[in-house]
Amino acid sequence: MEYDFREIEARWQKEWRERGTYKVDIDPSRPKFYVLDMFPYPSGAGLHVGHPLGYIASDIYSRYKRSCGYNVLHPMGYDAFGLPAEQYAIQTGQHPAVTTEHNIARYREQLDKIGFSYDWDREIRTCDPKYYKWTQWAFLKMFAHYYDRTLGKARPIEELEKHLSEHGTEGLDAACTTELHLTAAEWNSMDEAGREKVLQNYRLAYRADTMVNWCPKLGTVLANDEVRDGLSVRGGYPVEQKRMKQWLLRITAYAERLLKGLDSLEWSDSLKEIQRNWIGRSEGAQIFFDVEMPDGSVRKLEIFTTRPDTIFGVTFMVVAPEHEWLGDMTTADRRAEVTEYVENSKKRSERERIAETKRVSGAFTGSYAVNPFTGKRIPIYVSDYVLAGYGTGAIMAVPAHDSRDYAFARHFGLDIVPVVEGGDISQASYDAKQGRMINSGMLDGLDVKEAVVKMFAEVERRGIGKRLVNYRLRDAIFSRQRYWGEPFPIYYDGDIARPLDESELPLTLPPMDNFGPTEQGEPPLARVKGWRYELSTMPGFAGSSAYYLRYMDPHNDNALVSPEADRYWRNVDLYVGGIEHATGHLMYSRFWNMFLYDTGYVCESEPFLKLVNQGMIQGRSNFVYRVVGTNKFVSLGLKEGYETQEIHVDVNIVKNDILDLDAFRKWRPEFADAEFILENGQYVCGWAVEKMSKSMYNVVNPDLVVEQYGADTLRMYEMFLGPIEQSKPWDTNGIDGVHKFLKRFWRMFRDRNGEWALSEEKATPKELKTLHKTIRKVREDIENFSFNTSVAAFMICLNELGECHKREILEPLTVLLSPFAPHIAEELWHAMGHETSVCNARYPEFDESHLVENTFEYPVMVNGKLRFKQEYPLTMTPQQLQEDIVTRPEAQKWLEGAAPRKIVVVPGKIINIVK
RNA sequence: GCGGAUAUGGUGUAAUUGGUAGCCACGUCAGACUUAGGAUCUGAUGCCGAAAGGCGUGGGGGUUCGAGUCCCUUUAUCCGCACCA
């Protein structure tokens, strides 16, 4: 009987579903293991060939862990809210709920064909009210908490109110938008609106008027991670800066913990580095400079610097165009120029601003500050090279030691005073943090490191500032002016935002059929009659921030996750997904989880212990070459003789770069009467690695591969392709090799006539050695996530076994293979007489005793070059080996009579004779 | 500019972590069995060379008895951040 993968796979997929083979429950008698995939956004294009790569890897690992005795939680669901469905709805009028439902059905069908071991009873969808009830719930909890920096954790907002009523802001160290100074009396005399305004300054989910990334084309604001190079990540539309009232999450409160927590995680160094950079911690000082205001008063202008040592070199100051005091600091004679400058910089898009970073621009405000150390009056400028969002939006400029300040000073003819030896300030600034201090009074003669320390102390002693840590991380903008997302459980009482009560959740998304913004530019929810709640909805990352917790207890209506389920499943042991979520989802999820940890709803502070980033799958395009002006196509190797035009050809009608000529003629009408110039009777196509997209005709649908080769072949081939973390083009050129392997494995259970032919004969030591070598290698490789080499190990195993039909070998081998090729393994497992699923079989252990060697064939090198081999017992000591090897005639030959200078022996590895 | 990664045959890749570079496949070539094969099996296949042998892991240098692996330097490609004070 032939290996009929279509029949086998369909039958077992049905059986698994009917028997509930992959259903899991809490089982305190077994250790848990949680394997999670990043759930997909169900797009209209269907599952592409890159998705399964990570899913297959995690499925192999899940099945392996399960076979090792773990109770494995391995769920799947859909990240179903989001922009594309809504954009599609605006274009076609189809309701996002309908298209999403349809796309999910398609995804499920595709996933099922690959034979994953998901427990589908735990499926979740972020757009399901039963699910997003808990997204809204978490938002309300964040709204009702603030962050106590002294305790380093979130606390109920009532405790803040109590503190304010008793002590004002005295002794309060809480994460906030701006530092407030209030007395208890002031707080107590405030009305509700006033108090709420104060509380919004502290709440972890808060509403504020801030500069946001506004994308006019999408009609919504975007978070920083959703913008790249001044364009929206989704769609690639221009993004501008705009001041708007928005909901935000105070993720910055957790900056330090998000940074520190990375150390305990088993993530790749590059991913940790991306998160570290995104958080962007820098140590420095906050220093106040006295400013002589045009109205005669003196104000203290706060700046942040990482180079307090260079303060003697400060010759001017710069504030951002958005700086609060800019208007007050501008003198009458300068007002026109400053106003024009601010207007111009506002008009420039983010993109232009990035493109013009080298161009120096700015304007003098007319005001002066005083350098607290030199006592000199220094001018204050405005320039957009200073960012409103970082630090205080104002800097002390040290042109001699900062290249941007240097360019600015050169442009405006300002003083440049060197304070660190080592550079030539007539040419460029000297930015390096090393050298001896000069022109710096009490710091003279110190080196930079010592000067920094001394200056911190001096600044604090004089009471003009203090040490401060600054972060690049910004609070996450949490509202989107869109329809297809979670509604905020918030209504307004005048300007006061009021939360719904928990018992009123979920606040369901009202049905509607027009998803564009209103004529007044309000979000689509403004069209809904009687909608008295917040008009914007939550962003995509809201629903994905705690989904891994919901899988633990997906049907619970009383809690996000019950304490029992939380304490059993704890957190994700292995998370597999793309690196593109480094600064988005993976950041928000950690924050969200830390908050739930602080508030006691979950028992682990980090959600994802080990994380593996599968590489992206690129497209591998194929080309044909049309002779210009004809309908003749010339094969790749012969095209040099012709003037040709390169045309993309559908990769699905090309195999191993050989074009299927008939399929090509049928592909498009204009090629129906195409002629070919062949080489060796074949048409060879050119190829290139490009982005996988419809327009390049290089999209490969996993369904087609399954149809042609079977799911087991697809699974093994995707693993065989190369290391899982590596990005690579999708290329089916080698898939035959893997398919052949499975056919060979199948035939080992059959005789020449295709009849069942398993033998009970004892295995030879050689066969046992091959088996146990393979077991050891495969186990090791799975643990290391090195699946490409484990597939190779299986192939080597069959090569070594040759013709072998022994149960003693094939039975453990079947179990060993089952995580990779579950269908064929299940079929053979049952054929061997087992009743229960192969995934419940104990994973084979290797037995060292079969692997022991008595002798070793030493490669003998002379001066590092292999000259001959010599077999010795492994029990021989290096001393004995050294003495014996020189007596060998081969050694004598290479030594040419001379005595060796030295002999290096590495037992079990090598003998090297130095002449 | 800063940070991270990668570079090995015609192709995808492997290398016990400093010990015979190229495992396992694809492709190619030769052969066997076949009415036939896009089936199956066997063998060869880094480069130069008739052979002996030599040369080979992006380039250059170093450490070592011995380097794909460690150090220095340089080039190319990819990714992240970027006027972050």
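When reading the values below, keep in mind they use all heavy atoms of this one structure, side chains included, and skip hydrogens, waters and symmetry mates. Every chain is numbered from 1 and lettered A, B, ... according to where its sequence line falls, protein lines coming before strand lines.
Across all strands shown, B/rG62 is found opposite B/rC70 as a Watson-Crick or G-U wobble partner, with both distances under 3.5 Å. Figure legend. B/rC81 is base-paired to B/rG1; pairs are counted as Watson-Crick or G-U wobble with both atom distances under 3.5 Å. Under the Watson-Crick or G-U wobble criterion, with both distances below 3.5 Å, B/rA44 is paired with B/rU28. Pair assignment for B/rU17 gives none, since no Watson-Crick or G-U wobble pairing has each distance under 3.5 Å. Judged by Watson-Crick or G-U wobble contacts below 3.5 Å, the nucleotide B/rG56 has no partner. Of the nucleotides present, B/rU75 is the one that pairs with B/rA7 by Watson-Crick or G-U wobble criteria, both distances under 3.5 Å.
Among the nucleotides B/rA85, B/rC24, B/rA14, the one closest to any side-chain atom of A/T306 is B/rA85. Taking only side-chain atoms of A/R472, from C-beta outward, the nucleotide of B/rC81, B/rC26, B/rU20 with the closest atom is B/rC81. Nearest nucleotide to the side chain of A/L387, out of B/rA15, B/rA85, B/rG54: B/rA85. Looking at the side chain of A/M795, the nearest of the listed nucleotides B/rA25, B/rG4, B/rC55 is B/rA25. Among the nucleotides B/rA15, B/rA85, B/rG66, the one closest to the side chain of A/Y390 is B/rA85. Of all nucleotides listed (B/rG54, B/rU20, B/rU40), B/rU40 comes nearest to the side chain of A/R747. Taking the side chain of A/F720 as heavy atoms from C-beta on, and the options B/rU20, B/rG12, B/rG27, the nearest nucleotide is B/rG12. Taking the side chain of A/P859 as heavy atoms from C-beta on, and the options B/rU20, B/rA85, B/rC24, the nearest nucleotide is B/rU20. Checked against B/rG80, B/rU20, B/rG4, the side chain of A/I274 finds its nearest nucleotide in B/rG80. With B/rC83, B/rU20, B/rA85 as the candidates, the nucleotide lying closest to the side chain of A/V386 is B/rA85.
Between the NE2 atom of A/H739 and the C1' atom of B/rA39 there is a distance of 11 Å, rounded to whole Å. In this structure, A/L798 atom CG and B/rU40 atom P are separated by 14 Å, rounded to whole Å. Rounded to a whole Å, the CG atom of A/L866 is 14 Å from the P atom of B/rC55. Atom CZ in A/F794 sits roughly 14 Å away from atom P in B/rA25 (whole-Å rounding). Atom C1' of nucleotide B/rG53 and atom NZ of A/K893 are separated by 11 Å, given to the nearest angstrom. Nucleotide B/rG4 holds its C1' atom 11 Å from the CG atom of A/L271, rounded to whole Å. Taking atom CG on A/D736 and atom C1' on B/rG38, their separation rounds to 8 Å, with Å as the unit. Straight-line distance from the CE atom of A/M861 to the P atom of B/rG18: 17 Å, rounded to whole Å.
B/rG54: glycosidic angle beyond 90° from 0, hence anti. In this entry the base of B/rU17 is syn relative to its sugar, with a glycosidic angle within 90° of 0.
By the 30° and 60° cut-offs, the orientation of the rings of A/Y3 relative to A/W746 is tilted. Using cut-offs of 30° and 60° for the angle between ring planes, the A/F794 and A/F820 rings count as perpendicular.
On the C1' atoms, B/rG12 is 13 Å away from B/rG22, given to the nearest whole Å. On the C1' atoms, B/rG58 is 8 Å away from B/rA76, given to the nearest whole Å. Here, B/rG4 and B/rC71 have their P atoms 14 Å apart, quoted to the whole Å. Atom name C1', nucleotides B/rU77 and B/rA14: the rounded distance is 22 Å, in whole Å. Separating the P atom of B/rU74 from that of B/rA85 is a span of 26 Å, rounded to the nearest Å. A distance of about 42 Å separates the P atoms of B/rU40 and B/rC55, rounded to the whole Å. B/rG18 and B/rC65 are spaced 12 Å apart, taking the C1' atom of each and rounding to whole Å. Here the separation of B/rC24 from B/rG38, taken at their P atoms, is 26 Å to the nearest Å.
Among the protein residues, A/R776 comes within range of no part of the nucleic acid, since none of its heavy atoms lies under 4.0 Å from any strand. Nucleic acid contact class of A/K740 (heavy atoms, under 4.0 Å, all strands): sugar-phosphate only. Across all strands, A/S383 comes closer than 4.0 Å to no nucleic acid atom at all (heavy-atom distances). Using a 4.0 Å heavy-atom cutoff across all strands shown, A/D405 reaches no nucleic acid atom at all. No engagement by A/P729 is indicated, since no non-hydrogen atom pair under 4.0 Å with the nucleic acid exists. A/I395 comes within 4.0 angstrom of a nucleotide base, judged by non-hydrogen atoms across all strands.
Residue A/E273 is the one, among A/E857 and A/E273, whose nearest nucleotide of RNA chain B lies closer to the 5' end (criterion: closest heavy atom). Nearest-nucleotide assignment on RNA chain B puts the 5′-proximal partner with A/G734, out of A/G734 and A/G280.
Electrostatic pairing of A/E2 and A/K743 does not count as a salt bridge here, judged by no charged N lying under 4.0 Å from a carboxylate O. A salt bridge links A/E283 to A/R281: one of the charged nitrogens lies within less than 4.0 Å of a carboxylate oxygen. A salt bridge is defined here as a Lys NZ or Arg NE, NH1 or NH2 lying under 4.0 Å from an Asp or Glu carboxylate O, and A/R276 with A/D263 meets this definition. For the pair A/K773 and A/E800, the salt-bridge criterion is met [side-chain N within less than 4.0 Å of a carboxylate O].
For A/S403 and B/rG1, the shortest distance from a side-chain N or O to OP1 or OP2 is not below 4.0 Å. Checking the phosphate oxygens (OP1, OP2) of B/rA14, a side-chain nitrogen or oxygen of A/N788 falls inside 4.0 Å. The side chain of A/K743 contributes an N or O atom lying less than 4.0 Å from OP1 or OP2 of B/rU40. For the OP1/OP2 pair of B/rU20 and a distance below 4.0 Å, the side-chain nitrogens and oxygens of A/K909 include no atom meeting the criterion. Between A/N733 and the phosphate of B/rA25, there is no side-chain N or O to OP1/OP2 separation shorter than 4.0 Å.
Stacking of A/R590 on the aromatic ring of A/W278 is not recorded, the 6.0 Å distance cut-off and the 45° axial limit not both being met.
The distance between the ring centers of A/H739 and A/F5 falls below 6.0 angstrom. Taking the six-membered ring where the residue is Trp, the centroids of A/Y872 and A/F856 are separated by 6.0 Å or more. In summary, the aromatic rings of A/F408 and A/F316 are positioned with their centroids under 6.0 Å apart.
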